[in-house]
There are 2 protein chains.
Amino acid sequence: MPIGDAPDFLRKLDELVYVRKRVKSGATLYHTGSKFHALYAVKSGFIKTENLHDDGRVQVTGFYMPGDVFGFDGIATDEHICTSIALEDTEICVIPLDKVERFNHGIDEIQHHFYKLMSREIVRDHTVMMLIGSMNSEERLAAFILALSQRFLLRGYSPYYLTLRMKREEIGSYLGMKVETVSRIFTKFQDLALLEVQQKNIHILDMHGLKKMLGQHPSN
Amino acid sequence: MPIGDAPDFLRKLDELVYVRKRVKSGATLYHTGSKFHALYAVKSGFIKTENLHDDGRVQVTGFYMPGDVFGFDGIATDEHICTSIALEDTEICVIPLDKVERFNHGIDEIQHHFYKLMSREIVRDHTVMMLIGSMNSEERLAAFILALSQRFLLRGYSPYYLTLRMKREEIGSYLGMKVETVSRIFTKFQDLALLEVQQKNIHILDMHGLKKMLGQHPSN
DNA sequence: CGGCATCTTGAGTTGGGTCAATGGTCGTGG
DNA sequence: CCACGACCATTGACCCAACTCAAGATGCCG
């Protein structure tokens, strides 16, 4: 998951951003095939991106929260591959890429920052490939919750109280498992006194225990 | 999988590349924790990258053939997250990132090219997430072979005769399945007269039939 | 308060993992 | 040139984690 020096970044961003946008909950910002115009930074709210396979299948490829930048998938072919959808009312900063590319008159710090952002996205994707490819469902969900907790922490929120903005099905899609399985594992984690789950509110009771859920698995 | 205008790109590359390197089959170019110095373009040969999980688990995250650029995972934290290993004797061009970043005196075409390369890597990773997350094993392997065939085509080789440089286990790791499963499916595809498999040599007999293997699946 | 979407739980099935044995292929050294 | 050993690939038999299908429960919004 994309992370990091959000406040810093948002400050610098002002120099690049002239347009802000509001996206209503459930609305689409761009979709597969849209011409690529710009990158987007989440100012407030929550965004998911998903890939549509030729047949009806959908795979959630990312969740983005304030400070995160997304839309990098559009650069390759100048057309977006993913669809991005707001999971709640969301404010977006529009960052035209050519403006970024032309920015380094003197300072190329910003340039480098964008390379870093893309690199992070790549690293995050590799992590997810690893999750889905070589962990069982419990480990995946544990890893997901821990990563989310970490992101909350980096943004200055409590890492123990998470409010999920996505529904179970979207978590499942992201992690390569079915809704029912997600639900069962939440219940199990609750039974193990690792979590307290109240709808979309997660209270992490035993962070250490949750971490131990990872790497328990005999496989691979 | 990374692709595209390889010859063009390799030509332009000469302006950026001062160092070439040879990596022996089985040797490591960089590994998890190595300081990030540069990106690498494959000149000849074959490279895999893999992620090591804390416990012993390994996940192959990419295969790179001539014309492909890899190493982007190191930009985010200035340390490589993956390990890159040559699957045969390989020639590599070393591309220092700061040279790329400082290159746009006049032309920022090269800049943009690197953004494109990273974007492609992201798109490819999303494709793999989709493969692993929402397809069954047969579909995954079919998709893998088709993608490989496509890459061969783009490099001017026959898309019908593939020489796999990686072993079954590495294919399995990349696709999130076990060696035995890979093997069984190769056999099945052969029985269905889609392929002729002779060790690492794959002859695609029925490209259309192979494509039909995708999207047959009732799930998700 | 009713209707709809989401979430949970149960019961039964199955795709792909596990374990184990065999068969090929290649490289090395006598 | 052949034989040996190591590694890799294939195949079979069995099993289990996660999927499917189905029914309720819960919560949310008009």
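All chains are named by letter (A, B, ...) in the order of the sequence lines, taking the proteins before the strands, and each is independently numbered beginning at 1.
A side-chain N or O of Ser44(B) and one of Glu91(B) form a donor-acceptor pair less than 3.5 Å apart.
Under the 6.0 Å cut-off for aromatic ring centres, Tyr174(B) and Phe63(B) qualify, their centroids lying closer than that.
Comparing atom distances between the Ser137(A) side chain and each of dT20(D), dA18(D), dA13(D) picks out dA18(D) as nearest. The nucleotide whose nearest atom lies closest to any side-chain atom of Lys167(A) is, among dT10(D), dT6(C), dA18(D), dT6(C). Comparing dT20(D), dC19(C), dC7(C) against the side chain of Glu180(A) picks out dT20(D) as the nearest.
When the C1' atom of dC19(D) is taken as reference, atom CD of Glu138(A) falls 16 Å away, rounded to whole Å. Distance CG (Asn136(B)) to C1' (dC19(D)): 12 Å, rounded to an integer number of Å. Regarding Lys188(B), its NZ atom lies at a distance of 14 Å from the P atom of dT11(D), rounded to whole Å. Separating the NZ atom of Lys178(A) from the P atom of dT14(C) is a distance of 16 Å, rounded to the nearest angstrom. Atom CG in Asn201(A) sits about 12 Å away from atom P in dG27(D), given to the nearest Å. Remark: P of dA9(D) and CD of Gln198(B) are 14 Å apart, rounded to the nearest angstrom. Per the geometry, CG belonging to Asp191(A) stands 8 Å off P belonging to dT9(C), to the nearest Å. One can place CE of Met177(B) at 12 Å from C1' of dG15(C), the figure rounded to the nearest angstrom.
Residues satisfying the ring pair (Phe, Tyr, Trp, His ring centres under 6.0 Å) test with Tyr30(A), not counting sequence neighbours, are Tyr40(A), His80(A). Phe72(A) pairs by the ring pair (Phe, Tyr, Trp, His ring centres under 6.0 Å) definition with nothing, not counting sequence neighbours.
An angle of 40°, rounded to 10°, separates the two end axes of the helix from dC1(C)-dG30(D) to dG30(C)-dC1(D), each defined over five pairs.
Using a 4.0 Å cut-off, no side-chain N or O of Lys200(B) falls inside it from OP1 or OP2 of dC8(D). In this structure, Thr181(A) reaches the dC19(D) phosphate: one of its side-chain N or O atoms is under 4.0 Å from OP1 or OP2.
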Derivation and outcome, salt bridge (Lys or Arg N to Asp or Glu O under 4.0 Å), residues Asp78(B) and Lys35(B): CA-CA 6 Å; Asp78(B) 235 43; Lys35(B) 177 138 178 49; 2.7 Å; yes
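Interface remark: the Arg184(B) side chain does not form any donor-acceptor pair with the dG15(C) base, using a distance-only criterion of under 3.5 Å.
For the salt bridge (Lys or Arg N to Asp or Glu O under 4.0 Å) with Glu138(B), the qualifying choice from Arg184(B), Lys212(B), Lys188(B) is Lys188(B), the only one to do so.
Between the OG atom in Ser34(B) and the CG atom in Leu29(B) there is a gap of 8.5 Å [rounded to 0.5 Å].
Looking at heavy-atom distances under 4.0 Å, Gly172(B) makes no contact with the nucleic acid at all.
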